[in-house]
There are 2 protein chains.
Amino acid sequence: MAKREVNPRECSLASALNVVGERWSLLALREVFYGVHRFDGIVRNTGAPRDVLAARLRTLVDGGVLRRVRYSERPPRDEYHLTEAGRELAPALLGLMRWGMRWVPGAPAGPTPFTHDCGGALDAAIVCTSCGETAPPEPDAE
Amino acid sequence: MAKREVNPRECSLASALNVVGERWSLLALREVFYGVHRFDGIVRNTGAPRDVLAARLRTLVDGGVLRRVRYSERPPRDEYHLTEAGRELAPALLGLMRWGMRWVPGAPAGPTPFTHDCGGALDAAIVCTSCGETAPPEPDAE
DNA sequence: CAGGTGAGTTGGATTTTCCGACTGACAAGG
DNA sequence: CCTTGTCAGTCGGAAAATCCAACTCACCTG
């Protein structure tokens, strides 16, 4: 018999996607990176359905990506801020943004999301953690 | 009146997510990066439902991320290969993987996905496109 | 008091997902 | 020839998620 077994590969990518792997999660995160920390602002700037956004923000908080920070007692209101883990999503997020600019026809260029102190645009790249050299994206060579 | 208007921010991230923004798309892409180019292989290694995977592969092909390459006439069978655009997703993909390793408790370390010629592990980072300097992830400073 | 803001929640219709089974074309073994 | 197996999907139906407008609650402001 031995029916075609399905053994999903153990991979941290899958784990990452459980936390930040859905459209509205990433767009919400983008807003927080841009400095929009409140629910209604995120709704307005992303267009996400309010209920779905509420759910996503919960999983982002539970996943340690965002932190709720109270900015008003009475009525109790919190805003969402990046944690250390959240801030570390910057390379992935920026990588997707820049990829969209380059490869999706009709994608709005938008204001260059982040700029370096020297004035140049920032981009995501692959670097070697030990020698620091920038490596080209070169998978299994066709 | 002026009902709370929702004007989604124009952003290349949203465009990117239209193409690669779903769980099974990214996992399928991971497999192709790993050298698994055939439908059944991708099903086995990701655990994606076959019909959903078929749909995702179609949008990846339509989005210019993958290319179908025929490897057998009779029966006609194609495998999926990365295009230039697909290869350029490496920084984003690697960024998510490495993030998962670092920040999701219980995420399998797995074999270090890519290694540099010098033997060190590769990671995604933010670099300045003009001066080449590596920048820290530092959004709106809290 | 009327109106507005902020952060959600609720109900219900619509879409997707998931799952197992099925198809069609072929190859290999007995 | 007949059975078994592989590959790349497709199909049908149940289960889950999404979308949307409307609603709530708790305030604040004029």
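We use all heavy atoms of the structure for the numbers below, so side chains are in, but hydrogens, waters and symmetry mates are not. The sequence lines fix the lettering, A, B, ..., with proteins before strands; numbering per chain opens at 1.
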Review point. Mind checking whether B:Leu66 and B:Leu29 have side chains closer than 4.5 Å, heavy atoms only?
Key: yes
Check your understanding: Taking CG from B:Leu53 and C1' from C:dC18, how many angstroms apart are they, rounded to a whole number?
Key -> 13 Å
Check your understanding: Counting any heavy atom closer than 4.0 Å, what does B:Glu22 reach on the DNA or RNA strands: base, sugar-phosphate only, or nothing?
Key -> sugar-phosphate
**Study point:** Closest nucleotide among C:dC26, D:dA8, C:dG8 to the B:Arg38 side chain
**Key:** D:dA8
Exercise for review: Give a yes/no on whether any side-chain N or O of A:Arg44 is located under 4.0 angstrom from OP1 or OP2 of C:dA7.
Suggested key: no
Check your understanding: CD of A:Glu73 versus P of C:dA7: gap in Å, rounded?
Key -> 14 Å
**Study point:** Salt bridge present between A:Arg70 and A:Glu79 (N-O < 4.0 angstrom)
**Key:** no
Point to revise | Criterion side chain to side chain contact (heavy atoms under 4.5 Å, CB included) on A:Arg50 and A:Phe39, from CA distance to verdict | key: CA-CA 9 Å; A:Arg50 308 174 72 79; A:Phe39 189 87; 3.7 Å; yes
Check your understanding: With respect to the side chain of A:Tyr71, which nucleotide from C:dT9, D:dT10, C:dG6 is positioned closest?
Key -> C:dG6
**Study point:** Nucleotide nearest A:Asp40 when distance is taken to its side chain, options D:dA26, D:dT10, C:dA7
**Key:** C:dA7
Review point. So do A:Asn7 and B:Arg44 actually touch side chain to side chain, heavy atoms under 4.5 Å?
Key: no
Practice item. Indicate, yes or no, whether a donor-acceptor pair under 3.5 Å links the base of D:dA26 to the side chain of A:Arg74. Key: no
Review point. So which of B:Met97, B:Arg23, B:Glu22 actually passes side chain to side chain contact (heavy atoms under 4.5 Å, CB included) with A:Leu17?
Key: B:Arg23
Exercise for review: Report which part of the nucleic acid B:Arg23 touches: base, sugar-phosphate, or nothing (heavy-atom distance under 4.0 Å, all strands).
Suggested key: nothing
Exercise for review: Map A:Phe39 and B:Pro76 onto DNA chain C by nearest heavy atom, then report which one ends up closer to the 5' terminus.
Suggested key: A:Phe39
Practice item. Look at the side-chain N and O atoms of B:Trp24 and state whether any lies under 4.0 Å from the OP1 or OP2 oxygen of C:dC18. Key: yes
Practice item. Inspect the contact between B:Asp123 and B:Arg102 and indicate whether a charged nitrogen and a carboxylate oxygen are less than 4.0 angstrom apart. Key: yes
**Study point:** Phosphate contact (C:dG8 OP1 or OP2) by A:Tyr80 side-chain N/O below 4.0 Å
**Key:** yes
Practice item. Let me know the distance between CG of B:Leu27 and P of C:dT17, rounded to the nearest Å. Key: 14 Å
Exercise for review: Looking only at side-chain atoms of B:Arg77, point me to the closest of D:dA26, D:dG9, D:dC7.
Suggested key: D:dC7
**Study point:** Length of the CD-P vector between A:Glu31 and C:dG6, whole Å
**Key:** 15 Å
Review point. Rounded to the nearest Å, what distance is computed from the CZ atom of residue B:Arg58 to the P atom of nucleotide D:dA8?
Key: 14 Å
**Study point:** Value in whole Å for how far the P atom of C:dA7 lies from CD1 of A:Ile42
**Key:** 9 Å
Revision key, fill the gap. Considering only heavy side-chain atoms of B:Asp51, the closest of D:dG9, C:dT10, C:dC18 is C:dC18
Review point. Pick the nucleotide of DNA chain D nearest each of A:Gly47 and B:Leu57; which residue has the one closer to the 5' end?
Key: B:Leu57
**Study point:** Out of C:dG8, D:dA26, D:dC19, whichever nucleotide has its closest atom nearest the side chain of A:Pro75
**Key:** D:dA26
Study note, to complete from the structure: Side-chain atoms of A:Pro49 come closest, of D:dC19, D:dA8, C:dC18, to D:dC19
Review point. For the pair made of CG in B:Leu60 and P in D:dG9, what is the distance, rounded to whole Å?
Key: 13 Å
Check your understanding: For C:dA7, does either OP1 or OP2 sit under 4.0 Å from a side-chain N or O belonging to A:Arg68?
Key -> no
Exercise for review: Indicate whether OP1 or OP2 belonging to C:dT23 is found under 4.0 Å from a side-chain N or O atom of B:Arg50.
Suggested key: no
